[in-house]
Amino acid sequence: MCSDHAPAAEIPAVNGTPNGTNGVTNGRRQPKLPYQQHHSDERSNTGRFQIIESTLREGEQFANAFYDTETKIKIATALSDFGVEYIELTSPVASPQSRADCEAICKLGLKAKILTHVRCTMEDAKVAVATGVDGVDVVIGTSQILRDHSHHKSMAEITETAIEVVKWIKSQGVEVRFSSEDSFRSNIVDLLSLYQAVDKAGCDRVGVADTVGVATPRQVYKLVRTLRDVVSCDIETHFHNDTMCAVANAHAALEAGATHVDTSVLGIGERNGITPLGGLLARMIVESPDYVKSRYKLAKLKEIEDLVADVVQVNVPFNNPITGYSAFSHKAGIHSKAILAKPETYEILNPSDWGVKRWIHFSSRLTGWNAIKSRAGQLGLIITDEQAKQLTQKIKAMADVRPLAIDDTDSIIRSFCLEHQPEDQPDQ
Ligand SMILES: N[C@@H](CCCC[NH3+])C(=O)O
Ligand SMILES: [Zn+2]
């Protein structure tokens with residue numbers, strides 16, 4: 001009965017809420033855990049945000065990225081099917097092919113709205129609107145350092161052009177977002193007056209961008225909260241990941257009242273990129289499971305990440321949220337025992353929500369007997385708890401000397417069972 005089985009001890013993911021504690025169990029209301037959102041703060045949008053997916057704009061700024069038309073169409077279609085609300089494309093002014101691709105994607109009739117991202121000038125805005133996009137995202141640097149060394153415009157000039165551009169784009173019946181660049185190194189008074197001016201001019205969204213990845217969640221919360229009281233339009237946010245705060249910053253922005261978050265698949269973008277789509281959703285499903293599950297086809301995440309990883313020639317990092325090699329692996333005996341009994345003990349995310357599997361490591365000096373007993377069971381072998389303990393000592397002793405491959409451990413389990421075969425053990 002020792003048949004071939006899965007290479008590792010995958011055990012089925014359980015259904016239900018990710019942490020299994022925020023619903024009603026056995027007719028009794030379970031207490032909320034401290035890390036769960038209580039939705040008491042009315043300004044918080046952690047349960048009603050929208051995603052502006054920028055793999056085809058910010059992501060094209062990743063060092064390795066080259067997308068041909070067919071690849072762009074494949075990625076755009078996959079993202080739209082996944083459920084993102086917006087797809088942002090490279091500026092049509094960047095090159096003739098970028099313009100042609102933008103026009104082609106607009107004609108696909110995808111469910112997601114199509115945006116393109118251009119400089120805040122009338123010239124760029126006209127080219128952008130002519131492509132047939134649903135919306136135009138305009139951007140200009142507002143920090144002193146960018147004004148001095150990039151475009152040399154005063155805040156008064158920026159404001160005047162921004163108002164003109166926003167009004168014109170709106171007059172064409174197209175959605176418009178105005179974003180500052182380097183918002184967190186910009187003068188707050190200047191920034192708020194500029195946002196106020198474009199809001200009055202009819203802008204659909206204003207954008208806050210941490211272009212250099214300098215912001216902390218606390219700074220983000222403060223700026224977005226202030227901005228929420230100054231403008232009536234939507235607030236989009238964009239976070240670079242230089243100091244690994246991009247997901248936390250996006251979350252803080254939503255808590256403070258932002259409505260939209262920019263993402264890219266695997267976080268690809270300039271330098272080390274921006275808020276990753278998968279990382280953001282991992283963060284958000286913990287506190288807003290119903291919202292996240294109802295909007296996005298989470299089981300498609302891995303496919304999209306693999307597609308993009310292949311296109312830009314990178315590996316998915318081992319510690320990537322959800323889809324990383326070890327994202328749902330359990331090794332220490334204490335963890336494995338509890339996971340086998342109840343996965344929520346050491347998992348706040350449910351792998352089955354994402355179409356991936358958890359696995360229990362059973363080939364190390366840290367392995368506990370529960371994992372070995374479970375592995376024996378997967379191999380079709382029945383052993384008692386006592387036998388599992390004995391066998392585990394043997395495996396631990398060997399794993400103390402050298403790394404054990406899964407096959408090695410399986411062989412040890414099988415020969416142990418042969419030696420200790422009870423009368424009723426199924427034939428090998
Ligand atoms: N990549 C630019 C664009 C910002 C626009 C926000 N969606 C930045 O990081 O500043
Ligand atoms: Zn960016």
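All of these numbers come straight from a predicted model, not from anything done at the bench. Counting convention: from 1, in listed order, for ligands and their atoms alike.
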Carboxylate-amine/guanidinium contact Asp410 Arg375, below 4.0 Å: yes
Nearest non-hydrogen protein atom, atom 1 (N) of ligand 1: Glu58 OE1, 2.9 Å
Derivation of the salt bridge (Lys or Arg N to Asp or Glu O under 4.0 Å) call for Lys107 and Glu103: CA-CA 6 Å; Lys107 289 198 187 103; Glu103 288 168 358; 5.2 Å; no
Residue portion contacting ligand 1 (non-hydrogen atoms closer than 4.0 Å) for Arg271: neither
Heteroatom proximity flag, Thr211 to ligand 1, N/O under 3.5 Å: yes
Atoms of ligand 1 close to Asp262 [distance to a heavy atom under 4.0 angstrom, numbered from 1]: 6 (C), 7 (N)
Sidechain N-carboxylate O distance under 4.0 Å for Glu85, Lys113: no
Side-chain heavy atoms of Leu277 within contact of Tyr296, under 4.5 Å: no
Proximal ligand 1 atoms for Ser179, defined as those under 4.0 Å from one of its heavy atoms: 5 (C), 6 (C)
Thr77 and Ser80: side chain donor to acceptor below 3.5 Å: no
Numbered atoms of ligand 1 (with element) below 4.0 Å of Arg177, judged on heavy atoms: 5 (C), 6 (C), 7 (N)
Sub-4.0 Å atoms of ligand 1 with respect to non-hydrogen atoms of Glu236: 7 (N)
The Zn ion (ligand 2) to His238: nearest N/O/S atom name: NE2
Ser98 side, atom OG; Leu89 side, atom CG - distance, nearest 0.5 Å: 9.5 Å
Sole residue of Gln50, His260, Arg177 in side-chain hydrogen bond (donor to acceptor under 3.5 Å, both in side chains) with Glu236: Arg177
Angular separation of Glu58 OE1 and His240 NE2 about the Zn ion (ligand 2), given to 10°: 110°
Subset of ligand 1 atoms that lie under 4.0 Å from at least one heavy atom of His240: 9 (O)
Atoms of ligand 1, numbered as shown, that sit under 4.0 Å from any heavy atom of His117: 3 (C), 5 (C)
Proximal ligand 1 atoms for Ala209, defined as those under 4.0 Å from one of its heavy atoms: 4 (C), 10 (O)
Ionic contact status for Arg119 with Glu123, cut-off 4.0 Å: no
N/O donor-acceptor pair under 3.5 Å between Asp408 side chain and Ala405 backbone: yes
Whether Arg57 lies under 4.0 Å from ligand 1, heavy atom: yes
